[in-house]
Amino acid sequence: MNQHISFEFFPAKTEQGNAKLIATSQTLAELKPEFFSVTFGAGGTDQDRTFNTVVSIQEKTGISTASHLTCVGSSRERIGSILDTYKANNINRIVALRGDLPMGMDDPGEFHFADELVSFIREHSGDHFHIEVAAYPEKHPQSIDHRSDLQNFVRKVDAGANSAITQYFYNTDAYSYFVDECAASGVTIPIIPGIMPIGNFENLSRFSDGCGAEVPRWLRARLETYEGDPSSLRAFADDYISEMCLTLIKRGAPGLHFYSMNQVEPNRYICNEVIKNIG
Ligand code: FAD
């Protein structure tokens, strides 16, 4: 398959969880991903855990590993020092994000939006980092309308992003229209669809409401019928997501980024289905 794949992890909270995550990344490395990435708590929470996870996954798998980096609530000095530490440890990919202020924090600090972070990374570290930014085919939940959200995305690209990863979605038309609109606005960087496999309907439903990803009515209804029958839900969902990935690739998506939830399956199954059917 010519298109690249990548897997996103979150840092584990225990030694045991961390050992399991390293083993998961080593298994997924067999699929030859372009990169792994590790999330970062907004407001700087979990910063050390993210750093240690990024460095050990890259060391143990030999696969380039990106750190997510949120800027809200932070300062130029602090972000500059994080970038220097990553550079000194041979990390050369950053997923640059604004993030959301954690409950109880109300000072946004020196950065207000992700485009300011992208500009700062370029100013501070030149071209050392490959910078990914977030994109929202179904609109960011805080955005007043789709057009201004698109303009704000273009701002991040103009600030120096190399590629983008989308919020997950279950409506492939939302992605296709978004990519066309970006191209019409002069965007040429790859926009990689973010893929969220479905493991647990209740969790997915709650999380989707918060991040502005729509679970279509027909899909919700179908998933609800599998309540109490997780293996039937998985069988349906894995095939549905595999088909969705194939549709995206056939329509020209440059790759697939999996929100892996730190699991080997169903990510490996879906990738293998795509590889088998695309060649
Ligand atoms: P921005 O691009 O700054 O956009 C945020 C909002 O502000 C949008 O509504 C946008 O339209 C608007 N906006 C942007 N620029 C301007 C401007 N100049 N003027 C006015 N309005 C503007 N969160 C974490 O905490 N940790 C993570 O590791 C993490 N990883 C993520 C990975 C991916 C691939 C994605 C899609 C999301 C991730 N998130 C993560 C969630 C993300 O932090 C939230 O969605 C956050 O609300 C927005 O971050 P952003 O970088 O997209 O912000």
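First listed ligand is number 1; within each ligand, the first listed atom is number 1. None of the values given here were measured: they were computed from a predicted structure. All values below come from the heavy atoms of this structure, side chains included, with hydrogens, waters and symmetry mates left out.
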Whether Val95 lies under 4.0 Å from ligand 1, heavy atom = no
Whether Gly99 lies under 4.0 Å from ligand 1, heavy atom = yes
Proximal candidate to atom 2 (O) of ligand 1 [heavy atom criterion; set Gln142, Arg155, Arg98, Lys156] = Lys156
How does [X] reach ligand 1, by side chain, by backbone, by both or by neither, if only non-hydrogen atoms under 4.0 Å count?
{"X": "His112", "value": "neither"}
{"X": "Thr39", "value": "both"}
{"X": "Tyr136", "value": "side chain"}

task = Could you tell me whether Ala96 and ligand 1 have an N or O pair separated by under 3.5 Å?
result =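 Checking ligand 1 against Ala96, no N or O pair falls under 3.5 Å apart.
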inquiry  = Considering both backbone and side-chain atoms of His68, is one of its nitrogen or oxygen atoms within less than 3.5 Å of a nitrogen or oxygen in ligand 1?
reply    =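 Yes, at least one N or O pair falls under 3.5 Å.
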Under 3.5 Å side-chain donor-acceptor pair for [X] and [Y]:
{"X": "Ser64", "Y": "Arg93", "answer": "no"}
{"X": "Ser6", "Y": "His257", "answer": "yes"}
{"X": "Glu181", "Y": "His146", "answer": "yes"}
{"X": "Gln26", "Y": "Thr61", "answer": "no"}
{"X": "Thr50", "Y": "His68", "answer": "no"}

Nearest to [atom], what protein heavy atom do you find, and at what distance?
{"atom": "atom 3 (O) of ligand 1", "answer": "Ala114 N, 2.8 Å"}
{"atom": "atom 12 (C) of ligand 1", "answer": "Asn152 ND2, 3.5 Å"}
{"atom": "atom 20 (C) of ligand 1", "answer": "Phe113 CZ, 3.6 Å"}
{"atom": "atom 24 (C) of ligand 1", "answer": "Phe40 O, 3.5 Å"}
{"atom": "atom 29 (C) of ligand 1", "answer": "Leu97 CD1, 3.4 Å"}
{"atom": "atom 11 (O) of ligand 1", "answer": "Asp149 OD1, 2.6 Å"}
{"atom": "atom 33 (C) of ligand 1", "answer": "Tyr259 OH, 3.8 Å"}
{"atom": "atom 35 (C) of ligand 1", "answer": "Ala134 CB, 3.8 Å"}

inquiry  = Quick check: do Asn277 and Ile249 have side-chain heavy atoms less than 4.5 Å from each other?
reply    =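 Side chain of Asn277 against side chain of Ile249, heavy atoms only: no contact under 4.5 Å found.
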ask   = Between the side chain of Lys156 and the main-chain N/O of Ala96, is any donor-acceptor distance below 3.5 Å?
value = no
request  = Check whether any side-chain N or O of Thr65 sits under 3.5 Å from a backbone N or O of Ile63 as a donor-acceptor pair, and report yes or no.
outcome  = yes
Would you call the rings of [X] and [Y] parallel, tilted or perpendicular, taking 30° and 60° as the class edges?
{"X": "Tyr240", "Y": "Tyr170", "result": "tilted"}
{"X": "Phe36", "Y": "Phe7", "result": "tilted"}
{"X": "His140", "Y": "Tyr136", "result": "perpendicular"}

ask   = So, for atom 7 (O) of ligand 1, does the protein have a heavy atom nearer than 4.0 Å?
value =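 Within 4.0 Å: yes, protein heavy atom nearby.
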message = Any carboxylate oxygen within less than 4.0 angstrom of a Lys/Arg side-chain nitrogen, looking at Arg251 and Asp173?
response = yes
key: Centroid-centroid under 6.0 Å between Phe129 and Tyr86 rings   = no
If you count the atoms of ligand 1 from 1 in the order shown, which ones are under 4.0 Å from a heavy atom of [X]?
{"X": "Gln167", "answer": "36 (C)"}
{"X": "Thr70", "answer": "24 (C), 25 (O), 26 (N)"}
{"X": "Asp100", "answer": "44 (C), 46 (C), 47 (O)"}
{"X": "Ser143", "answer": "9 (O), 11 (O)"}

